[in-house]
Amino acid sequence: MNAVSPETLVTAVQDARPLRVLTFNLQVGISTHAWYQYLTNSWQHVLPNSKRQERLAVIGRFLGHFDIVGLQEVDGGSFRSGNVNQVDYLAQQAGAPFHYQQLNRNLGRLAQHSNGLLSRFQPTRVVNHRLPGPPGRGVMHAQFGDGADALHLFVAHLSLGIRTQKRQLDFLCELMSSCRHVILVGDLNCTRAHLEQHTGLCEVMNFDQTPEQLSYPAWEPKRALDHILISPTLQVANSQVLPPLFSDHLPLSADIILPPACHKMLVVR
């Protein structure tokens, strides 16, 4: 995959503002700011909480500042979420005209474990893939435009085990290998050092453009588990972890510069 020339990047900056991208594991709207709360708040993973909707309203308004948002650990509408599809609700609060849910673990009325995507631009297509390994993990592939200049966005939530992660990263690299302009976001549950050891990922992603950001735990960040990675054809103008939003993970944002032909694929319909 060839890197874009400096001249093309300069033109991209002049012609269009960067794409504002965010990834966030929102822990289904549970508020966690200390280790002991994993125990004391564990009931909220199965039972509704009257304050959860208030938190989601705050989160949704914050998400409205971004063009594309990848979400992990959202509930698709079950007893614990008050039968509210959190992807739909956050999209409404954020003013995002296009939103998509990937149901990865269906526990019926008890829980609907999902990934989510909010976008100000209409994708040409969105495909959901089940990741290798035990059931419950998936990746969303949203394509904006057609042909070589299309933008491909992947929203993933990987497993905890290193061996399973290796299989899942292999699968992701296979999906991304035929794409030119790529953004990969999500809770990958592994550090930058681990990702850089994956040969296939190094071939499709440009790690030099995305500094490591400590995102977990939110109250005392020590590990970089959440990532925004890009292909060599793109450039990051700014990347940062953002203040806590109730979850045990911090949100991570990046302003991404697209080549002009790729940027033209972003259509508001």
Side-chain angles (χ1 to χ4, degrees), residues 4 8-26 56-72 74 87 89-100 115-124 126 140-145 149-156 179 181-188 205-215 218 224 226-245 247 249-269:
V4 65
T8 301
L9 288 174
V10 170
T11 302
V13 174
Q14 294 173 342
D15 288 354
R17 70 174 179 83
L19 183 70
R20 301 206 69 200
V21 176
L22 181 91
T23 184
F24 184 37
N25 178 329
L26 58 82
L56 289 177
V58 173
I59 293 171
R61 290 192 292 271
F62 175 77
L63 299 183
H65 295 287
F66 298 89
D67 298 315
I68 293 177
V69 177
L71 299 170
Q72 305 87 48
V74 287
V87 177
Y89 181 79
L90 290 170
Q92 180 183 24
Q93 294 296 308
F98 307 104
H99 60 281
Y100 306 86
N115 290 334
L117 171 65
L118 313 183
S119 177
R120 299 201 175 281
F121 308 101
Q122 183 175 18
T124 307
V126 177
M140 306 179 72
H141 175 194
Q143 178 178 331
F144 298 85
D149 293 315
L151 176 66
H152 297 266
L153 176 85
F154 295 86
V155 181
C179 306
H181 307 302
V182 179
I183 302 173
L184 170 62
V185 308
D187 176 4
L188 304 187
M205 297 284 103
N206 181 5
F207 286 99
D208 292 337
Q209 283 289 324
T210 50
E212 184 176 52
Q213 306 279 7
L214 303 180
S215 61
D226 303 271
H227 302 271
I228 297 178
L229 302 176
I230 62 171
S231 61
T233 59
L234 311 180
Q235 185 182 46
V236 171
N238 181 49
S239 178
Q240 59 183 325
V241 286
L242 301 170
L245 273 177
S247 171
H249 286 249
L250 293 175
L252 176 63
S253 72
D255 295 340
I256 300 176
I257 301 171
L258 310 178
C262 179
H263 195 278
K264 290 179 181 178
M265 297 291 174
L266 300 179
V267 178
V268 179
R269 292 186 173 91

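All of these numbers come straight from a predicted model, not from anything done at the bench.
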> Between atom CD of Gln143 and atom SG of Cys179, what is the distance when rounded to the nearest 0.5 Å?
Replying inline: 7.0 Å
> Where is the tightest heavy-atom contact between Pro244 and Ala218, given as atom of each residue plus distance?
Replying inline: CG-O, 4.2 Å
>> Under a 3.5 Å distance rule, please check whether Gln209 uses its side chain to pair with a backbone N or O of Val236 as donor and acceptor.
In response: yes
>> Would you compute the distance between atom CG of Leu151 and atom CE of Met265 and round it to the nearest 0.5 angstrom?
In response: 10.0 Å
> Which distance, rounded to the nearest 0.5 Å, do you find between the CG of Leu118 and the CZ of Phe66?
Replying inline: 11.5 Å
>> Distance check, rounded to the nearest 0.5 Å: Leu26 atom CG versus Leu71 atom CG?
In response: 5.5 Å
> salt bridge (Lys or Arg N to Asp or Glu O under 4.0 Å): which pairs involve residues 230-244, sequence neighbours left out?
Replying inline: none
> Taking C-beta and beyond as the side chain, do Leu234 and Pro259 meet within less than 4.5 Å on heavy atoms?
Replying inline: yes
> Run the side-chain contact (heavy atoms from CB on, under 4.5 Å) check on Ile183 and Ile228 step by step: do they pass?
Replying inline: CA-CA 7 Å; Ile183 302 173; Ile228 297 178; 4.3 Å; yes
>> Consider side chain to side chain contact (heavy atoms under 4.5 Å, CB included). Of Val69, Val185, Leu153, which one does Leu117 pass it with?
In response: Leu153
> Would you say Ile68 and Phe144 make side-chain contact, with heavy atoms under 4.5 Å?
Replying inline: yes
> Between the side chains of Thr233 and His181, does any donor sit under 3.5 Å from an acceptor?
Replying inline: yes
> Say you draw a straight line from NE2 of His263 to CZ of Phe121; how long is it, rounded to the nearest 0.5 Å?
Replying inline: 6.0 Å
> Quick one: does Ser119's side chain get under 4.5 Å of Asp67's, heavy atoms only?
Replying inline: no
> Can you tell if the side chain of Ser253 reaches within under 4.5 Å of the side chain of Gln240, non-hydrogen atoms only?
Replying inline: yes
> For Val87 and Gly116, which heavy atoms make the closest approach, and how far apart are they?
Replying inline: CG2-CA, 4.0 Å
> What heavy-atom pair brings Phe24 and Leu250 nearest, and what distance separates the two atoms?
Replying inline: CD1-C, 4.2 Å
> What is the ring orientation for Phe62 with His65, classed by angle as parallel under 30°, tilted 30 to 60°, or perpendicular over 60°?
Replying inline: perpendicular
>> Please check: side-chain N/O of Arg120 versus main-chain N/O of Gly95, any donor-acceptor pairing under 3.5 Å?
In response: yes
> Are Leu252 and Ser215 side-chain neighbours, meaning at least one heavy-atom pair lies under 4.5 Å?
Replying inline: no
>> Any non-hydrogen side-chain atom of Phe207 less than 4.5 Å from a side-chain atom of Leu229?
In response: yes
>> With rounding to the nearest 0.5 angstrom, report the CG to CG distance, Leu56 to Leu245.
In response: 10.5 Å
> Would you find a donor on one side and an acceptor on the other, under 3.5 Å apart, between the side chain of Ser239 and the backbone of Thr210?
Replying inline: no
>> Side chains of Asp187 and Thr23, heavy atoms from C-beta outward: is any pair under 4.5 Å?
In response: no
>> Checking Met140 against Val126 for the side-chain contact (heavy atoms from CB on, under 4.5 Å) test, could you report, in this order, the C-alpha distance in whole Å, the side-chain angles of both residues, the deciding distance, and whether it holds?
In response: CA-CA 7 Å; Met140 306 179 72; Val126 177; 4.3 Å; yes
>> In the structure I gave you, are the side-chain heavy atoms of Val182 and Met205 within less than 4.5 Å of one another anywhere?
In response: yes
> Quick one: does Gln122's side chain have a donor or acceptor within less than 3.5 Å of a partner on Thr124's backbone?
Replying inline: no
> Pro251 and Pro243: which non-hydrogen atoms are nearest, and at how many Å?
Replying inline: CD-O, 3.5 Å
